[in-house]
Each structure stands twice: as C-alpha cells, then as structure tokens.
Amino acid sequence: MKFSLTDSDAGSLRTPCLVTSLKIARRVASAQGTRRQLNLAAEDFKDQTDQNLVVNLGGDVSRVLIMGGADNSLSQARFRKLANQAAQALLKLPVKQAVVALDQTRAEGGKTPWKLQTIMQAVSREAYRYSAYKSKPAPQPALRTLRLLVKDRGKAGQAVRLGNALHNGLALARDLGNEPPNVCDPAYLLKEARKMGRHAKVRVSNLDERKMEALGMGAFLAVSKGSDKPGQMIIIRYDGGKKSEAPVALVGKGITFDTGGISLKPPGAMDEMKFDMCGAAAVLGATRAVIDANLPLNLITVVAAAENMPSGGATRPADIVTTASGKTVEILNTDAEGRLVLCDAITHVQSFKPKTVIDVATLTGACIVALGSHASAVYANDDTLAQQLLAAGEASGDRAWRMPLWEEYQSALRSNFADVANIGGREAGSVTAACFLQRFVDDGVHWAHMDVAGSAFQGGARKGSTGRPVPLLFSYLCGQAGL
Ligand code: BES
Ligand code: MN
Ligand code: ZN
C-alpha cells in the first residue's frame with residue numbers, strides 16, 4: 001500500500017473510486033454529468049454515520065463510496081469510526097487505486113494531519129493479510145495506492161510521509177508476531193534486525209550467549225538455557241539526531257515461545273505463546289518506521305530474544321541467579337521469564353546513557369484481567385513521560401492507561417534467600433512485574449514499562465498479531481523528534 005497526496009479539484013478528478021461525503025459526491029457527479037445516476041441510486045440512502053453506499057457512475061470518477069454523516073461535524077472518536085468503516089468498505093471493492101476526500105469533515109480539534117493519519121492507519125490495518133503458510137493464500141486486496149485529497153498541502157505532505165513509514169513498521173511487527181515459533185526464533189529476529197542495518201544511519205549488533213556470560217547476564221541466561229536455540233540480545237542504533245543528543249531507548253521482550261519452562265503452562269491456548277515476542281516485534285516495527293521516516297533523533301533498540309523451554313538443563317524453581325546489575329534473583333516460577341530477560345536488557349541499554357527507556361512486553365496474564373484488550377498498561381517513574389505516552393496513544397487511536405508503581409507493592413517481591421524474588425503473590429500481578437523491572441532502572445533515568453499482553457495480539461477466530469503498540473510508540477517518537 002502506498003499513500004500519496006492530491007490537491008486536484010474534485011470536479012476534475014479521475015479515479016476508479018472516490019470515498020467522500022454525500023454533498024461532495026453530488027458536486028462531483030454534477031461536474032461530470034452523472035448527477036442523475038447518483039440521485040437515483042442515493043434516493044433511499046440514510047446520510048448517517050454507520051451508513052455507506054457505493055454508486056457506480058461510470059464517468060471519470062467511476063464509483064463513489066459515500067460515507068454517511070461525513071458532511072457533519074464529528075467527534076474524533078466518530079471520525080475514527082467513519083475512517084474504519086470507509087477502509088472496510090473500500091477494501092472490498094475491486095479497485096487498485098482510490099481517492100479519499102474526507103478532509104472537509106470536521107473532527108473536533110483533529111486537524112488535517114490527524115485526519116489523514118487516522119484514515120491511513122485504518123486502511124493500513126484493514127489491508128493487512130497474513131497467509132505465508134496457506135497453500136491457497138487468501139486473495140490480496142486489490143487496492144495498491146490511496147490518494148488523499150486535501151485543499152491545503154500545509155503539513156499534509158509530512159503526514160503522508162509518516163503514514164507510509166508507520167504502514168511499513170506496523171506490517172513488520174504484525175508479520176513477526178504471526179510467524180510460527182519454529183521459524184521465528186532468536187536467530188530469525190536477529191536476521192530481521194540485520195536487514196535494518198543496510199541503512200547508512202543504522203548499526204546492528206548482537207550479544208550471543210558467550211558475550212552475555214561475560215557481562216554476567218545470569219537472569220537472561222537462566223531463561224534461554226532450557227532451549228536448544230541460543231538466546232540473542234539484539235542492539236540496533238539509529239543515529240538520526242545530533243551527535244551530542246542522548247538517545248531514546250526501546251527494549252522489547254522477545255520470548256519466541258513461552259512454554260513456562262519447568263513451571264509448565266497448561267495446554268489450553270499455549271499456541272498463543274508464540275506471540276510472546278510481540279514486545280520485540282513492536283520495538284522493531286517502531287524502529288523500522290523511524291528509519292523509513294528518517295526522523296531527526298537518536299534511537300537505540302534492544303531486543304531480548306530467547307525461548308522458554310523445559311529440559312534437563314532448564315532452570316528450576318528455587319534457583320538463584322546473579323543479574324548483570326549484580327543483584328541476585330530467586331526464580332520461584334520459571335514462567336515469570338519475561339522480567340528475567342528484560343532486567344538484563346535494561347541494565348545493558350543503560351550503558352548507552354539514554355535519556356529515556358521504554359520497555360514493551362507481553363509480560364503478564366494479570367494485565368489482561370485488569371485492562372482487557374482495549375488499553376495497553378503504562379507504568380512510569382516520571383509523570384511527564386507517562387503523560388506523553390498516554391497522549392501519543394490517544395492521538396494515534398492506540399490507547400494506553402496508566403497503572404500505579406507505588407513503593408507499597410515492592411514488598412511482594414521479598415525473597416528469603418536472594419535480593420528479590422521473580423514473582424509477587426496472587427494480587428496485582430501486572431504491577432508487581434513492573435516493580436521487579438523498576439529495581440533495575442538507575443537513578444535519574446526516565447523509564448516506562450508497557451505491558452501489552454492484552455493489546456498486542458488477539459485470540460479466537462481473529463487470532464493474530466495487532467502490531468500494537470507501534471502506532472503509540474511512533475507517535476511518541478515523532479513528538480520527541482519535534483514533529
Ligand atoms: N507471557 C506470559 C504472560 C502472558 C499470558 C501474555 C497470556 C499474554 C497472554 C508471561 O511470561 C507469564 O507467563 N506470566 C505469568 C507470571 C506469573 C507466573 C507470575 C502469568 O501471567 O501467569
Ligand atoms: Mn511466562
Ligand atoms: Zn512470557
């Protein structure tokens with residue numbers, strides 16, 4: 001899918017499909033001498049949101065997809081719904097190219113770039129297919145290019161550039177998430193990351209298990225040692241900003257399959273634990289988007305990639321390991337493995353002196369109990385950072401909700417034998433997991449943790465990766481780059 005701009009007058013448009021409001025459809029049909037066809041076909045059309053109508057006109061504009069209610073002033077939420085419905089209806093049509101003219105629809109404070117971004121994201125999401133392993137793949141949608149009609153180019157050009165970059169980043173994140181775990185293993189994630197290293201401003205490196213040993217990453221290695229597949233710590237540096245500027249750091253949980261280890265999970269829905277690398281997929285997708293958009297900022301992305309398996313060499317409940325920070329951890333449950341790989345990744349990324357660290361992880365089932373799938377959880381040791389992430393979520397329609405990181409929760413992680421246990425009690429499981437990670441954050445570092453266990457993938461009939469929170473992260477990073 002390619003997005004581009006057009007500012008041609010509605011009257012002189014040529015396109016196989018124009019997506020617009022009733023009023024504009026009438027104006028276009030009048031200018032092109034097809035007003036009678038339109039009036040007849042739209043006679044019974046209710047011009048309300050939730051309604052839409054396709055009319056074949058046969059002129060230079062051969063079809064119009066009329067979106068009900070699009071001549072009214074809408075709330076941002078309503079506009080987003082309208083964009084989603086337009087995307088759904090449009091992608092069912094056999095057209096390779098289309099023009100969307102919805103810029104005149106007012107969306108309560110949502111200016112042109114916001115409206116364009118909302119439309120592009122809706123189309124991007126709706127056009128996604130994953131059928132790499134079907135011998136008869138579902139047909140790809142016909143639509144290849146979408147032109148967005150605006151009156152005034154202003155900042156619209158930039159919005160379209162960012163929309164194309166986000167489209168690529170989202171598709172990468174979703175593909176990585178959907179890939180089966182016998183293919184998408186730590187080595188595969190490294191290979192995918194290396195592809196980004198072809199860009200002049202990007203360097204990709206990795207720590208293999210020998211190097212992690214040398215750095216004392218006992219927590220990470222306790223997870224990967226049960227698997228025949230060696231773990232990898234993947235590091236991507238993107239230098240798009242000033243040399244003197246401290247980078248923003250992203251850290252992703254990349255458990256390519258989570259069996260639970262010796263604390264083995266029950267079989268129901270265990271297949272969904274292939275999605276336990278969706279945090280890694282999201283930070284890789286956001287990084288891809290930043291590179292494609294050529295954002296003026298420095299970024300460092302770390303992926304902690306490992307497989308959590310039971311075996312004769314696997315970690316036992318009660319094992320004690322020493323982390324790269326020097327703190328010791330009593331592993332009471334080998335299924336709480338995400339925090340183990342992440343604590344060493346957080347320690348490592350801080351050696352690059354980032355101004356901000358954001359980790360993303362499908363960390364706890366408790367997060368799904370708390371928030372379901374609509375919101376990602378945000379934890380932060382800094383109010384400004386928390387607000388920026390929540391605002392980026394609102395703006396991009398990829399919403400998040402802040403959770404508490406109060407000191408009082410820390411005592412749940414007390415261990416009789418080591419500095420900290422890797423699990424708390426039954427209560428507040430998502431919070432105590434965040435509290436565990438916080439212990440590895442240095443003083444003065446602005447840090448946020450996103451638990452995306454509920455938002456990063458869907459189960460059931462629509463099983464698959466959503467690519468979340470790539471839109472939130474990319475929106476945040478655009479803000480950091482001053483856009
Ligand atoms: N990857 C899981 C969390 C998860 C569960 C993500 C379901 C998405 C859907 C994580 O590694 C895990 O197993 N967490 C445990 C922690 C517990 C042992 C303290 C959990 O949530 O049960
Ligand atoms: Mn687990
Ligand atoms: Zn896990």
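When a ligand or atom number is given, it counts from 1 through the structure's own listing order.
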Q. So, for Asn308 and Gly260, which heavy atoms are closest and what is the spacing to 0.1 Å?
A. ND2-C, 3.4 Å

Q) Mind checking whether Ile255 has a heavy atom under 4.0 Å from ligand 1? A) no

(Q) Between Asp359 and Ile346 (side chain of the first, backbone of the second, donor and acceptor by atom type, cut-off under 3.5 Å), is there such a pair? (A) no

**Q.** Metal check, the Zn ion (ligand 3) vs Ile255 N/O/S, cut-off below 2.8 Å
**A.** no

(Q) I'd like to know whether Asp276 forms a side-chain hydrogen bond (donor to acceptor under 3.5 Å, both in side chains) with Thr362, so could you lay out the CA-CA distance, the side-chain angles of the two residues, the decisive distance to 0.1 Å, and finally the verdict. (A) CA-CA 6 Å; Asp276 211 20; Thr362 49; 2.4 Å; yes

Q: Measure the spacing between CZ of Arg468 and CG of Asp398 and express it to the nearest 0.5 Å.
A: 4.5 Å

Q | Non-hydrogen atoms of Leu74 and Gly69 that approach each other most closely | A | CD2-O, 3.8 Å

Q) If you measure from OG1 on Thr432 to CZ on Arg426, what distance do you get to the nearest 0.5 Å? A) 12.0 Å

Q | Minimal non-hydrogen separation, Lys327 against Arg439, with atom names | A | NZ-O, 3.1 Å

Q: List the closest protein heavy-atom neighbour of atom 1 (N) of ligand 1: residue, atom name, distance to the nearest 0.1 Å.
A: Asp276 OD1, 2.8 Å

**Q.** Option with minimal heavy-atom separation from atom 16 (C) of ligand 1, where the choices are Arg339, Met270, Lys253
**A.** Arg339

Q | Atom nearest to the Zn ion (ligand 3) - Asp276, N, O or S atoms considered | A | OD2

Q | Minimum non-hydrogen distance to atom 20 (C) of ligand 1, winning option of Ala433, Gly365, Gly338 | A | Gly365

Q. Does the N or O separation between Lys265 and ligand 1 drop below 3.5 Å for any pair?
A. yes

Q | Arg129 atom CZ, over 12 foreign heavy atoms within 6.0 Å | A | yes

Q.
So that I can check it, does any N, O or S atom in Asp335 come closer than 2.8 Å to the Zn ion (ligand 3)?
A. no

Q.
Polar contacts were defined as any N/O atom of the residue lying under 3.5 Å from an N/O atom of the ligand; does this apply to Thr364 and ligand 1?
A. no

Q: In sequence, state the C-alpha distance, the side-chain angles, and the governing distance for Tyr379 and Trp447, and then conclude on ring pair (Phe, Tyr, Trp, His ring centres under 6.0 Å).
A: CA-CA 8 Å; Tyr379 296 86; Trp447 163 75; 8.0 Å; no

Q.
Quick test of your reading of the model: are Glu213 and Arg210 salt-bridged, counting only N-O distances below 4.0 Å?
A. no

Q) Is any heavy atom of the protein nearer than 4.0 Å to atom 22 (O) of ligand 1? A) no

Q) To the nearest 0.5 Å, how far apart are CD in Glu209 and NZ in Lys229? A) 12.5 Å

**Q.** Closest approach to the Zn ion (ligand 3) by Asp258, given as the N, O or S atom name
**A.** OD2

Q) Which N/O/S atom belongs to Glu337 and is the closest one to the Zn ion (ligand 3)? A) OE2

Q: Provide the closest heavy-atom pair for Arg414 versus Ala421 in the form atom of the first, atom of the second, distance.
A: O-CB, 3.9 Å

Q: Classify the angle between the aromatic ring planes of His348 and Phe352 as parallel (below 30°), tilted (30 to 60°) or perpendicular (above 60°).
A: perpendicular

Q: Could you find the nearest protein heavy atom to atom 7 (C) of ligand 1 and give me its residue, atom name and distance?
A: Met273 CE, 3.5 Å

Q: Would you kindly specify which portion of Asn333 sits under 4.0 Å from ligand 1, judged on non-hydrogen atoms: side chain, backbone, both or neither?
A: side chain

Q. Going by the order shown, which atoms of ligand 1 are within less than 4.0 Å of some heavy atom of Glu337?
A. 11 (O)

Q.
Could you check whether any heavy atom of Ile368 sits closer than 4.0 Å to an atom of ligand 1, since that is the contact criterion I want to use?
A. yes

**Q.** Over 12 non-hydrogen atoms of neighbours within 6.0 angstrom of CZ in Arg399
**A.** no

Q) In Asp258, the N, O or S atom nearest to the Mn ion (ligand 2) is which? A) OD2

Q | Whether Phe457 lies under 4.0 Å from ligand 1, heavy atom | A | yes

Q: Determine whether the side chain, the backbone, both or neither of Glu272 has a heavy atom under 4.0 Å from any heavy atom of ligand 1.
A: neither

Q: Check each of Leu363, Val369, Ile423 against atom 10 (C) of ligand 1 and report the one with the nearest heavy atom.
A: Leu363

Q. What angle sits at the Mn ion (ligand 2) between O of Asp335 and OE1 of Glu337, to 10°?
A. 70°

**Q.** Closest protein heavy atom (residue, atom, distance) for atom 15 (C) of ligand 1
**A.** Asp335 O, 4.1 Å

Q: Could you tell me the residue and atom name of the protein heavy atom closest to atom 2 (C) of ligand 1, and the distance to it rounded to 0.1 Å?
A: Asp258 OD2, 3.6 Å

